[in-house]
Amino acid sequence: MGLHDRELNKSPHVSDEVRKTTCYMCACRCGINVHLRKGEDGQPKVRYIEGNRDHPVNKGVLCAKGSAGIMQHYSPARLNKPMKRVGERGKGEFQEIDWEEALSTAAEWLGDIRKTDPKKLAFFTGRDQSQSMTGWWAQQFGTPNFAAHGGFCSVNMAAGGIYTFGGAFWEFGSPDWSKSEMFMVFGVAEDHDSNPIKLGLAEMKRRGKKIVGVNPVRTGYNAIADEWVGITPGTDGLFILSLIHELLKMGKVDLDYLLRYTNAPYLVIDNPGGKDHGLFARDKDGDILVVDRKTGKPVKSTAKKVKLALQGECKYARGKKARPVFQMLAEKYMSDEYSPENVTEKTGVPVAQIKRLAQEIAEAAFEKEIVVNQPWVDMKGEKHKTMIGRPVSFHAMRGISAHSNGFQTCRALHLLQIMLGSIDCPGGFRFKPPYPRPVAAQPKPHGGSVANTPLAGPPLGMPRGPEDLLLQKDGLTPQRIDRAYSWDAPLSAHGMMHMVISNAHAQDPYPIDVLFMYMANMSWNSSMNSKGVMNMLEDKDKDGNYVIPKIIYADAYNSEMVAYADLVFPDTTYLERHDCISLLDRPICEPDVMADSIRWPVVDPSTQGENRDVRGFQSVLIDLGARLGLPGMTNEDGTAKFKDYADYMANHERKPGVGPLAGWRGKKGDKHGRGEPNPNQVQAYIDNGGFFEVHLPENARYFKHANKHWQDWAVEMGLQDGPVENIFQLYSEPLAKFQLCAEGQLKPVPPETHKQRIRDHMDPLPTWYPTFEGDAVSETPYNALTQRPAAMYHSWGSQNTWLRQIHGSNPMFVPSKICDDKGLKDGDWALVSSHHGSIKVQVKRMEAVNVNTMWTWNAIGKRSGAWNLDPDSPEAKKGFLLNHLIHELLPPKGDGMRWSNSDPITGQAAWFDLKVNIEKAPNQNGPTEPQFPKQKKAKSSPTNIEYGKEWTK
Ligand code: SF4
């Protein structure tokens, strides 16, 4: 029975039939009510989308993108049927085929690899929300070459958080909007964590509390902030460390908090040139040592009823010297290097502003202390009558992390939060379930690909130290095609997707056979050096074979990447699919609420256009997994274990009693968190509006890193299997170990070429160094970066007929001083150049921007003809990509190497390090440059003409 035949829920207010699911117009996962009405053809039509008032994420709020989802669903760019390439790569010439041919072709290609060398499959996905499933699939296949988009998005933010305090912003944490006295937002594009942040900012405004925006560009959240810090890109770390300098000088740090919850008192061995220099001092049992303030003697850090020292020097184990972490950090950050006077020129932030902000932060944290009368017990068994809050909160994202110094900058921000005592306390930053989850509770990365064998664990994880690198037997060559977890980027916790195509093309460290990608527009806005990437995808060897032999690509729309695929799987729109926003992945929890949600086909794709024959990508993966006989996807008799993704969502168990969905588990659907699979689970979610939520007990809501009630509850709910110790790591011992490897004191030893780089950048205490591209070029003096607009989410929105009316093209916003210096006025055409290339764009003068920084909206520009837009559409002729100026490699340094344009610790793509120059173009006529040969229109699902005929123009 098709969905269109079912009795749909009647809305109490309108005659529409309403189905509740989860938005996918950006990554925030708001709850939506989709209104349906039968069209003239008798099939259900999507007529209206509104916010779901009961939903924990958006509480009924819907943004412009969310309401324009109707146009995404009816996009003329929708792919319709599986296709195989019949022309040359890049030409967009395809023949439609049926699913059986598509799946058997893919199974044959992939089966050959799995039988011989599984790592010859590189499987990378974009902004999909099923990474626990896709990663598990890669693990069962046996390839380490898996990642999603995190490496080119914000892995510095995620890894910086997890390595420092076992948490991260956004999905895993949030400001305490209802209690915060002051909020600082760093480098956040205005569509990021969109509705939740807007709701939070509205609450702050309603309560009259101060919002400070730190961003080179004053738009979006920064435009409504009470104070704007127009910082120079790539210097946020220096600014933050200067705030810490001021707080230390004022004595405004929470010493009790540092003693209780952090490694501030841990002793660090001071033995330069020794094998243990920089490691924590340990006793013969391996326990970390601290100093008893009363006796001055070292004792175990777990010793009870001991007052610990934070300062001084101590001798232990036959006269070895060691100092507490706090002593080291106080010496480092109180030095003049970080004084406001010394950072003002580089950061562009006035001395007085730094000093005043430090005072305001201290005042909010310490003078406006909050006391919540809620008794609780910590993990050491100590009883507390109240919960003390330091009500200053922070949020940050890509603006501070997409730099070659981003990991250390993110660590610096977390150091600031911790020194204020404002992590998971009333008014501060709050963990969201299933976090906190420190490195020790995260998986390690797994490699070691063997024919016909799954990996021993997930491909992605958090290395504890050099021993967890994924290197080949020589201790030097990377195991992964993207060189993640190698000496290039030891802690690349999300992989390095931006390096996959160039490494596969260079066959370095080895050739691959199949590049399998999903929802990742890698030949356009998701790649640096987009033109170079197109050439790599098209390139052939001397025998006339493609250098990257086979490309399978899955997408719902005719994006720029489709033209380069050999085999295309058409995905559904988000209203036609099952999805699982899982606690195993990136769920929709709030600090007081454990929650997850689903998408389900509120309309059946077969009713949404003639010959529409699309399948949800995750169901396709389940099918392929069964055809390949992958463990976990196949029964003992060789039959498929799951019918489709919905079946997997209900019946897959990652460990006994724990599966993708937490609600309504158990045979009767009466268990939450843990419980046997419930075959009716997906229907239970549908009946509840598409989501599940359960509230945390009152005594488990704060101090989760040390809260016994939280630990007990998290175990009961299946979030963890036992108590997890989470000591905040002001000083990172894993980084110290890498430095010892670079000194040749620990094994493995990095190649000579990498030693200095590791010594310089893997400082165990958060630090700042100049960004790499800025350091390498002098003839391009200005910074250039992108912001995502509030109305669009990367390339998804700029094909949407309603949203295109808001942003149909993008100018380069140029500070007035540069305009005056260069004789540029609004509408002029200008050439913007970097060390890698030049683009021609139109200029728009702007005042509210850092004086040395120009910027534009991200991913508005389209390749002519792509997304089935008119080849002369404004996106193609007036829109442009900054990506053409960014190279995946840094300029040559004269050392014979071209280093990746990435953070040296995590491999995060350093998009925002770009340096440019600008001149008035000799030819003052458009279009923007570069232009590329027109991409062919893909045969697509017919549009629903009720919504307008001219929408592709
Ligand atoms: S913020 Fe807007 S686009 Fe993003 S999920 Fe929510 S409603 Fe959808």
Side-chain angles (χ1 to χ4, degrees), residues 18-35 46 48-75 126-130 149 153-154 169-171 174 177 185 188-203 219-221 224 395 397-398 432 519 556-557 573-577 579-582 585-590 593 595-600 602 689-691 693 787-807 857-860:
V18 178
R19 290 179 167 179
K20 296 175 187 241
T21 184
T22 307
C23 184
Y24 205 169
M25 290 297 289
C26 84
C28 292
R29 296 149 297 179
C30 297
I32 50 171
N33 301 340
V34 181
H35 290 239
V46 181
Y48 178 59
I49 297 173
E50 64 178 340
N52 179 350
R53 285 166 190 256
D54 302 323
H55 200 274
V57 171
N58 57 320
K59 302 169 182 72
V61 172
L62 196 72
C63 76
K65 304 184 292 284
S67 49
I70 188 167
M71 290 301 169
Q72 209 81 357
H73 176 67
Y74 288 117
S75 165
R127 282 169 187 76
D128 71 295
Q129 293 175 353
S130 55
H149 80 286
C153 185
S154 274
F169 293 133
W170 194 14
E171 286 110 330
S174 154
W177 299 113
V185 57
V188 178
E190 45 254 50
D191 80 328
H192 179 79
D193 201 7
S194 183
N195 281 344
I197 286 200
K198 286 178 212 148
L199 283 164
L201 292 175
E203 180 148 5
T219 59
Y221 304 147
I224 61 127
H395 184 78
M397 205 37 73
R398 203 168 171 199
K432 294 177 181 178
M519 211 195 242
Y557 305 100
T573 73
Y574 72 108
L575 299 179
E576 298 168 321
R577 63 186 299 114
D579 253 331
C580 177
I581 295 97
S582 168
D585 206 322
R586 301 164 73 166
I588 56 160
C589 302
E590 291 296 310
V593 180
D596 60 12
S597 62
I598 63 161
R599 290 190 189 92
W600 60 288
V602 296
F691 67 94
E693 65 176 342
Q787 298 264 113
R788 278 195 320 236
M792 287 186 181
Y793 192 72
H794 296 293
S795 55
W796 296 356
S798 45
Q799 55 142 337
N800 183 301
T801 189
W802 286 352
L803 301 180
R804 290 179 66 216
Q805 295 174 46
I806 302 172
H807 299 285
W857 299 118
N858 183 39
I860 306 288

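In listed order, ligands and their atoms are each counted from 1.
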Participant: I'd like to check which ligand 1 atoms, numbered from 1 as shown, lie under 4.0 Å from a non-hydrogen atom of Lys65.
Facilitator: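 Here the atoms of ligand 1 in question are 3 (S).
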Participant: Could you work out, with ring-ring contact (aromatic ring centres under 6.0 Å, His included) as the rule, every residue matching Tyr557, not counting sequence neighbours?
Facilitator: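 Expected list: none.
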Participant: At the 4.0 Å heavy-atom cut-off, does Leu62 count as touching ligand 1?
Facilitator: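 So Leu62 counts as touching ligand 1.
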Participant: Using a strict cut-off of 4.0 Å, indicate which atoms of ligand 1 neighbour a heavy atom of Ser194.
Facilitator: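 Per the distance check, 1 (S).
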Participant: Please determine if atom 8 (Fe) of ligand 1 has an N/O/S atom from Cys23 lying under 2.8 Å away.
Facilitator: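 Within the cut-off used here (under 2.8 Å), Cys23 does place an N, O or S atom near atom 8 (Fe) of ligand 1.
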Participant: Measure the acute angle between the ring planes of Tyr24 and Tyr574, then classify it against the limits of 30° and 60° as parallel, tilted or perpendicular.
Facilitator: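 It falls in the perpendicular class, over 60°.
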Participant: Using the salt bridge (charged side-chain N to carboxylate O under 4.0 Å, His left out) criterion, which residues pair with Arg586? Sequence neighbours excluded.
Facilitator: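 In terms of salt bridge (charged side-chain N to carboxylate O under 4.0 Å, His left out), with neighbours along the sequence ignored, Arg586 is linked to Glu171.
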Participant: Donor-acceptor pair, distance only, cut-off 3.5 Å: does the side chain of Asn195 make one with the backbone of Cys30?
Facilitator: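 Answer holds: no.
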Participant: Taking 4.0 angstrom as the limit and counting only heavy atoms of Arg29, give me the atoms of ligand 1 inside it, by number and element.
Facilitator: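 Once the distances to Arg29 are compared, the set is 5 (S).
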Participant: Does the side chain of Arg788 reach to within under 4.5 Å of the side chain of Cys26, using non-hydrogen atoms?
Facilitator: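 No - every pair of side-chain heavy atoms lies 4.5 Å or more apart.
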